[in-house]
Protein chains: 2
Amino acid sequence: MSRAGFESRHGAVLEAIGREITEGELAPGDTLTLEGMQGRFGVSRTVARETMRILESMGLVTSRRRVGITVQDAASWNVFDPRVIWWRLAGSGRDAQLRSLTELRIAVEPLAAGAAAYYASAEQRTRIVELGARLRGLGERGLLADFLDADIAFHTLLLEASGNEMFAALADVVAVVLRGRTRLGLMPQQPVPEALDAHENVAAAVSSGQYRKAEEAMRDLLGEVRDAMAPLGVDDPSLD
Amino acid sequence: MSRAGFESRHGAVLEAIGREITEGELAPGDTLTLEGMQGRFGVSRTVARETMRILESMGLVTSRRRVGITVQDAASWNVFDPRVIWWRLAGSGRDAQLRSLTELRIAVEPLAAGAAAYYASAEQRTRIVELGARLRGLGERGLLADFLDADIAFHTLLLEASGNEMFAALADVVAVVLRGRTRLGLMPQQPVPEALDAHENVAAAVSSGQYRKAEEAMRDLLGEVRDAMAPLGVDDPSLD
DNA sequence: GTCCCGCAATGGTGTTACCTTTCGACCCCA
DNA sequence: TGGGGTCGAAAGGTAACACCATTGCGGGAC
């Protein structure tokens with residue numbers, strides 16, 4: 001996640017307008033002008049233009065002569081852009097964004113675990129087992145903050161070990177989801193034993209190269225997530 | 001996929017540098033200067049700067065005073081940015097990109113089909129069945145070009161009907177993969193009957209709201225894809 | 001009254017020139 | 001050898017300009 005954006009003048013402008021668009025304060029079809037941006041933020045035309053170009057490259061706006069800078073419909077946003085994800089998570093679209101991301105996790109992480117079982121390096125294999133054990137220790141002692149950090153490390157490691165750079169690119173986003181989930185109070189005070197088992201099962205399968213099993217174990221693990229997300233409106237397809 | 005980029009001067013510069021970076025001709029750590037870009041492409045400083053900003057926002061470069069524009073390591077690229085995907089597909093990284101995208105498809109499409117079974121509108125349900133039937137007709141008559149178009153429409157429809165905008169955003173990319181796969185000669189001259197059945201199974205499950213079944217049917221369908229991709233180095237986890 | 005044509009206002013596009021700020025490299029001296 | 005200070009390269013930012021694609025309005029013809 002780009003922590004940047006506050007050193008340069010662009011940062012503030014980009015942040016403000018990006019938020020307003022993703023938040024819906026600026027509706028699709030609304031138009032801005034460079035002059036308006038200059039006035040509003042007290043920046044030069046150059047800065048306004050460069051900011052606009054970035055917004056354009058994220059699909060949030062288009063720029064046309066004579067007409068100005070037009071806010072685009074959500075359908076044309078680069079919804080995988082970390083900044084767009086971030087803005088949506090920070091604003092009122094949070095629940096919808098969290099739901100989308102959780103579905104994405106449920107889709108991707110099992111495959112990633114399977115691939116990791118195949119491609120992980122020796123160090124990664126030992127590390128994943130260590131993390132599984134660490135999670136059990138921290139979980140049983142109820143050290144939630146440390147547990148969260150280790151959990152993030154666990155999922156990040158698998159995504160990175162998958163050998164698929166698109167999966168790996170989701171690591172930051174998964175971290176945000178995990179933190180967000182905890183902050184929203186969707187996690188039990190003490191991790192349930194099933195979750196601890198599930199992590200260890202994944203770790204064991206990955207480290208021993210059993211990719212079918214790794215995939216399945218990760219699916220089990222995420223089953224818990226599905227349930228925990230239910231209050232947010234995520235459907236639980238447990239019956240047909 | 002953005003057709004844009006050729007009207008404005010930025011387009012050409014962005015395209016050229018973006019390609020060179022994703023292609024590896026410009027290695028991580030290499031530096032450019034604005035002046036260099038101006039000279040090379042015969043553009044003004046403004047255009048060079050705006051282009052650089054876009055590249056920066058895609059994670060391909062960073063810009064620091066006194067140092068210049070530094071090419072970033074692939075790990076910090078926005079690998080979900082359609083342009084990055086496009087450049088990688090067009091260049092020598094094509095196979096790796098196709099492999100990543102195919103894994104992503106295998107991860108996402110079953111979930112998307114399941115979600116579509118739940119969320120699709122009445123029109124979408126009838127349309128998916130129509131498309132399934134159309135695929136059979138075209139497939140049996142060996143009309144490959146039309147088959148491809150219908151296939152793309154089929155997968156696009158499911159991704160859009162999933163109610164998850166991140167899944168929907170992958171529609172363009174999936175379309176590119178399907179086209180690329182055909183161009184690479186990975187498709188049989190005439191679609192195999194199993195594939196036709198699989199599409200119809202998915203369509204039936206989606207239209208009747210059986211999301212478990214829709215998910216499973218899509219997994220079956222993608223099993224064929226897995227096999228077809230094998231020559232590209234995608235592993236077939238059929239045994240453990 | 002309606003339709004079409006043309007003109008003028010608007011606002012992005014691209015260029016140039018200029019000043020400011022930062023920080024890496026190099027040199028000098030201890 | 002190494003610490004610190006100076007210099008200058010290159011981005012950051014501002015300003016003012018010519019240019020031109022739109023578009024929307026107004027006027028004239030029918």
Side-chain angles (χ1 to χ4, degrees), chain A residues 2-18 20-21 26-73 76-77 83, chain B residues 2-18 20-21 26-73 76-77 83:
Chain A
S2 86
R3 304 259 161 276
F6 297 105
E7 310 104 18
S8 60
R9 296 236 196 294
H10 304 98
V13 183
L14 185 65
E15 204 70 13
I17 299 183
E20 285 169 12
I21 294 176
L26 287 171
D30 287 1
T31 59
L32 310 173
T33 66
L34 289 176
E35 204 152 2
M37 291 167 67
Q38 292 180 65
R40 178 172 165 202
F41 297 98
V43 295
S44 69
R45 195 171 185 78
T46 307
V47 170
R49 283 177 60 170
E50 289 174 9
T51 305
M52 178 273 287
R53 281 273 125 74
I54 298 174
L55 289 166
E56 189 178 41
S57 103
M58 296 192 293
L60 298 192
V61 303
T62 56
S63 167
R64 282 173 55 210
R65 281 186 164 160
R66 159 72 207 179
V67 58
I69 299 156
T70 311
V71 175
Q72 291 296 101
D73 186 85
S76 57
W77 299 351
R83 287 159 299 189
Chain B
S2 85
R3 305 257 161 278
F6 298 104
E7 309 103 19
S8 61
R9 295 244 194 294
H10 304 98
V13 184
L14 184 65
E15 204 70 13
I17 300 183
E20 284 169 13
I21 294 177
L26 288 171
D30 286 0
T31 59
L32 310 173
T33 66
L34 290 177
E35 203 152 2
M37 291 167 66
Q38 292 180 64
R40 179 172 163 202
F41 296 99
V43 294
S44 69
R45 191 177 178 76
T46 307
V47 170
R49 282 177 59 169
E50 289 174 7
T51 305
M52 179 273 287
R53 281 272 122 74
I54 297 173
L55 289 166
E56 189 179 40
S57 102
M58 296 193 291
L60 299 192
V61 303
T62 57
S63 170
R64 281 172 58 206
R65 280 185 164 147
R66 161 71 207 176
V67 147
I69 299 155
T70 311
V71 176
Q72 291 296 102
D73 187 85
S76 56
W77 299 351
R83 286 159 299 188

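Throughout, protein chains are lettered first and strands after them, A, B, ... in sequence-line order, and every chain is numbered starting at 1.
Here the P atom of nucleotide D/dG12 and the CD atom of B/E35 are 14 Å apart, to the nearest Å. Rounded to whole Å, the distance from CE on B/M37 to C1' on C/dG14 is 15 Å. Look at CG on B/L32: it is 13 Å from C1' on D/dA10, rounded to the nearest Å. Straight-line distance from the CG atom of A/L34 to the C1' atom of D/dA16: 15 Å, rounded to whole Å. Residue B/I69 contributes atom CD1, which lies 17 Å from atom P of D/dA9 at whole-angstrom precision. The CG-P distance, from A/L14 to D/dG13, rounds to 13 Å in whole Å.
Using a 4.5 Å heavy-atom threshold, the side chains of A/R83 and A/L14 count as touching. Put simply, the side chain of A/F41 does not reach to within 4.5 Å of the side chain of A/V47, judged on heavy atoms.
The side chain to side chain contact (heavy atoms under 4.5 Å, CB included) test with B/I69 is passed by exactly one of B/V61, B/T62, B/D30: B/V61.
A sub-4.0 Å separation between OP1 or OP2 of C/dT15 and a side-chain N or O of B/S44 is present. In terms of phosphate contacts, B/T33 brings no side-chain nitrogen or oxygen within less than 4.0 Å of OP1 or OP2 of D/dA9. The phosphate of D/dG13 (OP1 or OP2) has a side-chain N or O of A/H10 nearer than 4.0 angstrom. Here A/R9 reaches the OP1 or OP2 of D/dT14: one of its side-chain N or O atoms lies under 4.0 Å away.
Both A/R65 and A/R49 lie near DNA chain D, and the one whose nearest nucleotide falls closer to the 5' end is A/R49. Both B/V67 and A/G42 lie near DNA chain D, and the one whose nearest nucleotide falls closer to the 5' end is B/V67. Nearer the 5' end of DNA chain C, as judged by each residue's closest nucleotide, is the contact made by B/Q38, out of B/Q38 and B/R64.
The side chain of B/R66 sits closest to C/dT22 out of C/dT16, D/dA11, C/dT22. Considering only side-chain atoms of A/R45, the nucleotide from C/dG12, C/dG14, D/dG13 that sits closest is C/dG12. Picking from D/dG12, C/dG14, C/dG12 the nucleotide with the shortest atom distance to the side chain of A/S63 gives C/dG12.
The line from OG of B/S63 to CD of B/E56 is 5.5 Å long, rounded to the nearest 0.5 Å.
Under the side chain to side chain donor-acceptor pair (under 3.5 Å) criterion, the residue pairs touching residues 42-52 of chain B are A/R49-B/E50, A/E50-B/R49, A/R53-B/E50, B/H10-B/E50, with sequence neighbours excluded.
A/T46 comes within contact range of at least one nucleobase, with a heavy-atom separation under 4.0 Å.
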